[in-house]
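Handing you a structure now.
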There are 2 protein chains.
Amino acid sequence: MPVGWSTLVAVSTARAYHHGNLRAALVDAGVQVVREHGAAGADAVALRDLARRVGVSHNAAYRHFADREELLGEIAGVGMTALTEAIAARLATLGEPDAVRAARLALREIGRGYVAFALADAGLFRLAFAAYPSLAGAPAMEPELEATVEASPFGQLNRALDALVEVGYLAPDARPGAEFTCWSLVHGLAMLFLEGPLQRLGPAERESIVEGALAAIDRGFGGTTGGAWPPLG
Amino acid sequence: MPVGWSTLVAVSTARAYHHGNLRAALVDAGVQVVREHGAAGADAVALRDLARRVGVSHNAAYRHFADREELLGEIAGVGMTALTEAIAARLATLGEPDAVRAARLALREIGRGYVAFALADAGLFRLAFAAYPSLAGAPAMEPELEATVEASPFGQLNRALDALVEVGYLAPDARPGAEFTCWSLVHGLAMLFLEGPLQRLGPAERESIVEGALAAIDRGFGGTTGGAWPPLG
DNA sequence: CGCAGATGTGGCCACTGTCAACATGCCCGT
DNA sequence: ACGGGCATGTTGACAGTGGCCACATCTGCG
């Protein structure tokens, strides 16, 4: 390499990677690649390609990641937090005074946000779940894992369901297990839209299906306390 | 290659593939590979490996499949019919005299069969849906596609829901869209068990979750006609 | 100032999908 | 009956990949 090469890189990418940002740069590039290739974007991320994009020779990545899967896991983490934040952003804009309606709207909004993110960021969404297996390697890291779950769509969902009970909309004895039912429903919707036979549906049809499913949840999925409440509209 | 080589192959593998069974043999081998590697088995199927197993040189497959994806699509088809048959087999053993209970049990059994197959045959199940995109190439083959849908888990589900309406258990105005809600629910369960954060659950916990979700469906998912019916037990 | 450890490089291997050119054997029309 | 045509299978090559190895280089610390 001629003189000035590393300087050029340093200038164009803010400090030479020798300073420690190679790992982050690779993950960033990976996220970008996954996003470029819509669904099934995970298969499109190649270690060597990422290294090329970052301006580093192949093999350099092996100083920061054990193997390709570890890098994918990191990207998946980015995707998961992105999903969480997308849902949180939606929840933040709700602002409903009535407590019962607020809790019901929150649950619905989580579902909407979940599916919307899956459709908008298909690659990241699928990777976020496909790469979770790698996280299943460590058996006994209870505390940290607990925190991870708390700050995840699953945590948001659990809090919303608890709120529904507190507010008196959801019967306490219908609460256990409701999180899995709700989660499965929206996750199934997302997956069927992304890779199932439902992927050719138009936006309007998709929205209709999503709203129908979310209405079913609100209507008495886990068993509401009664029929005293009108539909959300 | 010395003389006798092709003869040997012909003898050892039951008639030379020149006779037209190469395509089927490749698909069979592919199914086996997918089954060997539990989940994510689709990534494990390599054209060259399959050719090797079948005892044929690489590239021979290109006389029967345009590319790897087409072969995967064929394997996916096998998986989809296997799923359909697994569900049908469960439905056949039901034999409930009461019409209402029969319809409700059928719906529940479809859900059970769906999830059970996904867990038992993870590779085939995931491939069956992951490779559906390839099927999305032809836009206007309406009649044949209709038949395909009819003879699929989706068709079975639709018939079960129609039966629930006929029998008076499900309100007719709650019928539209119910198929998507039900399907999403079981599909979501399957996917979360297979590749989501729920994959480390034990069989007992899984079954509990599945039964809870299916009970929620029976209890009034799409809106039953009333609370006159006791739980299935 | 100099050395050790972190970081990045180049070469190599096995493997894959895919294309192009070549060989082989079966079937059908004359 | 036979010979050519065509489907089928083979060989070889190319570009790409993940993953190891031994080597170079830079950095920070004693």
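Being a predicted model, the structure only gives us computed values, none of them experimental. Protein chains get the first letters and strands the later ones, always in sequence-line order, with residue 1 at the start of each.
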Legend entry - Under 4.0 angstrom between B:Tyr62 side-chain N/O and C:dT18 OP1 or OP2: yes
Legend entry - Rounded distance (Å) that lies between atom P of D:dT17 and atom CZ of A:Arg53: 11 Å
Inset, instruction - Report the distance from atom CZ of A:Arg63 to atom P of C:dG5, rounded to the nearest whole Å. - result: 14 Å
Inset, instruction - Compute the centroid of each ring, for B:Phe154 and then for B:His187, and state whether the two points are separated by less than 6.0 Å. - result: no
Please list every donor-acceptor pair under 3.5 Å in which a side-chain atom of residues 74-92 of chain B meets a protein atom from a residue at least two apart or in another chain.
from	atom 1	to	atom 2	distance (Å)
B:Glu74	OE1	B:Arg23	NH2	3.3
B:Glu74	OE2	B:Arg23	NH2	3.2
B:Thr81	OG1	B:Val78	O	3.0
B:Thr84	OG1	B:Met80	O	2.9
B:Arg90	NH1	B:Glu109	OE2	2.9

Inset, instruction - Check the distance between D:dT17's P and A:Leu72's CG and give it to me in whole angstrom. - result: 14 Å
Legend entry - Atom-pair distance (CG on B:Asn21; C1' on D:dT8), nearest Å: 12 Å
Inset, instruction - Give the rounded distance in Å between these two atoms: CG of A:Asp49 and P of D:dA15. - result: 17 Å
Inset, instruction - Taking only the side-chain heavy atoms of B:Leu47 (C-beta and beyond), determine which of C:dG17, C:dT16, C:dC22 contains the nearest atom. - result: C:dG17
Legend entry - Length of the CG-C1' vector between A:Asp43 and C:dT16, whole Å: 14 Å
Inset, instruction - For the pair B:Phe125 and B:Tyr114, name the ring-plane relationship: parallel under 30°, tilted 30 to 60°, perpendicular over 60°. - result: perpendicular
Using a cut-off of under 3.5 Å, enumerate the N/O to N/O pairs linking the protein to nucleotides 11-15 of chain C.
from	atom 1	to	atom 2	distance (Å)
C:dG11	O6	A:His58	NE2	3.2
C:dG11	O6	A:Asn59	ND2	2.9

Show every donor-acceptor pair shorter than 3.5 Å between a side-chain atom in residues 203-210 of chain B and any protein atom, with sequence neighbours excluded, or say none if there are none.
from	atom 1	to	atom 2	distance (Å)
B:Glu205	OE1	B:Gly202	N	2.8
B:Arg206	NH1	B:Leu201	O	3.2

Legend entry - Side-chain donor/acceptor of B:Arg68 to backbone N/O of B:Val45, under 3.5 Å: yes
Inset, instruction - State plainly whether the residues A:Asp49 and A:Arg52 are in salt-bridge range, i.e. N to O under 4.0 Å. - result: yes
Legend entry - Pair of N/O donor and acceptor under 3.5 Å linking C:dG17 base with B:Arg68 side chain: no
Inset, instruction - Would you indicate what B:Ser57 reaches in the nucleic acid, counting non-hydrogen atoms under 4.0 angstrom: base, sugar-phosphate, or nothing? - result: base
Inset, instruction - Round to a whole Å and report the spacing from CG of B:Leu22 to C1' of C:dC26. - result: 15 Å
Legend entry - Salt bridge B:Arg108-B:Asp218, side-chain N to carboxylate O under 4.0 Å: no
Inset, instruction - Measure the distance from CZ on B:Arg23 to C1' on D:dT8 and round it to the nearest whole Å. - result: 14 Å
